[in-house]
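Worksheet for the structure shown next.
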Amino acid sequence: MNYWLMKSEPGDVSIDDLAQRGTVGWYGVRNYQARNFMRDLMQVGDGVLFYHSSCAEPGVAGFAEVCKPAYPDPTQFDPTSKYFDAKSTSDQPRWQQVDVKFIGKTRILNLEEMRRYPELAEMPVLKRGNRLSITPVTAVEWSFIRSLLS
DNA sequence: GCCAACGTTGGC
DNA sequence: GCCAACGTTGGC
């Protein structure tokens, strides 16, 4: 059982979209390290901090859970998608996604507030220059944020 | 829109 | 396999 922080642009998929749809496929990851987390380490039942990025108020916006293990991301095969990858074939897909299901929406836990808690100081999302869209969360960080937002 | 950070690409 | 150039991310 692992925990993860996963960034989504709310203009693309927001916590409200997830709440409405119940589950979503985590398409569009085009970074090998983030892909490997999904492919090699994510399991059904893993906890997810749903994070809003590239928006007016970046921060943790809710909780989700991995509900389907990694499988090929269909957008890599779609020439009309901005995530199309010409070097990817159905025999040799490069990119994977998992499905996540909605657990709950919370208030926005923004970066300024997160920085105030020493318990969260090591989270990659708070480190300067971090760009990775999927990062591991420790059990301590997970419990802390769960109680903070409950 | 700026820009720091850092992953990727491609020439050698 | 080095490394400079380039592209992207994402907070501000």
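Computed from heavy atoms alone, side chains included, the values below leave out hydrogens, waters and symmetry copies. Chain letters run A, B, ... following the sequence lines, proteins first, then strands; residues in each count from 1.
Close to C:dT9, at under 4.0 Å from its OP1 or OP2, lies no side-chain N or O of A:Y51. For C:dG10, one of the phosphate oxygens OP1 or OP2 lies less than 4.0 angstrom from a side-chain nitrogen or oxygen of A:K7.
If you measure from atom CZ of A:F37 to atom C1' of B:dG7, you get 14 Å, rounded to the nearest angstrom. Put simply, CZ on A:R30 is 18 Å from C1' on B:dT9, counting in whole angstrom units. Nucleotide B:dT8 holds its P atom 10 Å from the CG atom of A:L132, rounded to whole Å. Distance CE (A:M114) to P (C:dC12): 12 Å, rounded to an integer number of Å. With rounding to whole Å, A:Q33 atom CD is found 9 Å from B:dT8 atom P. At whole-Å resolution of the value, CG in A:L126 and P in C:dT9 are 20 Å apart. Rounded to a whole Å, the CG atom of A:L109 is 16 Å from the C1' atom of C:dG11. One interatomic measurement links the two molecules: CD1 of A:I108 to P of C:dG11, which rounds to 12 Å at whole-angstrom precision.
Residues A:W26 and A:W95 are members of separate hydrophobic clusters, defined by side-chain heavy-atom contacts under 4.5 angstrom among Ile, Leu, Val, Met, Phe, Trp and Tyr.
Taking the side chain as every heavy atom from C-beta outward, A:L148 and A:E113 approach each other to under 4.5 Å.
In terms of heavy-atom proximity, A:D46 sits nearest to A:L41 at OD2-O, 3.8 Å.
Within 4.0 Å of A:R128, counting heavy atoms only, lie sugar-phosphate atoms of the nucleic acid but no base atom.
If you check C:dG11, B:dT8, C:dG7 against the side chain of A:R115, the one that comes closest is C:dG11. In the set C:dG10, C:dG11, B:dG7, B:dG7 carries the atom at the smallest distance from any side-chain atom of A:R131.
A donor atom on one side chain and an acceptor atom on the other are not found under 3.5 Å apart for A:S14 and A:D16.
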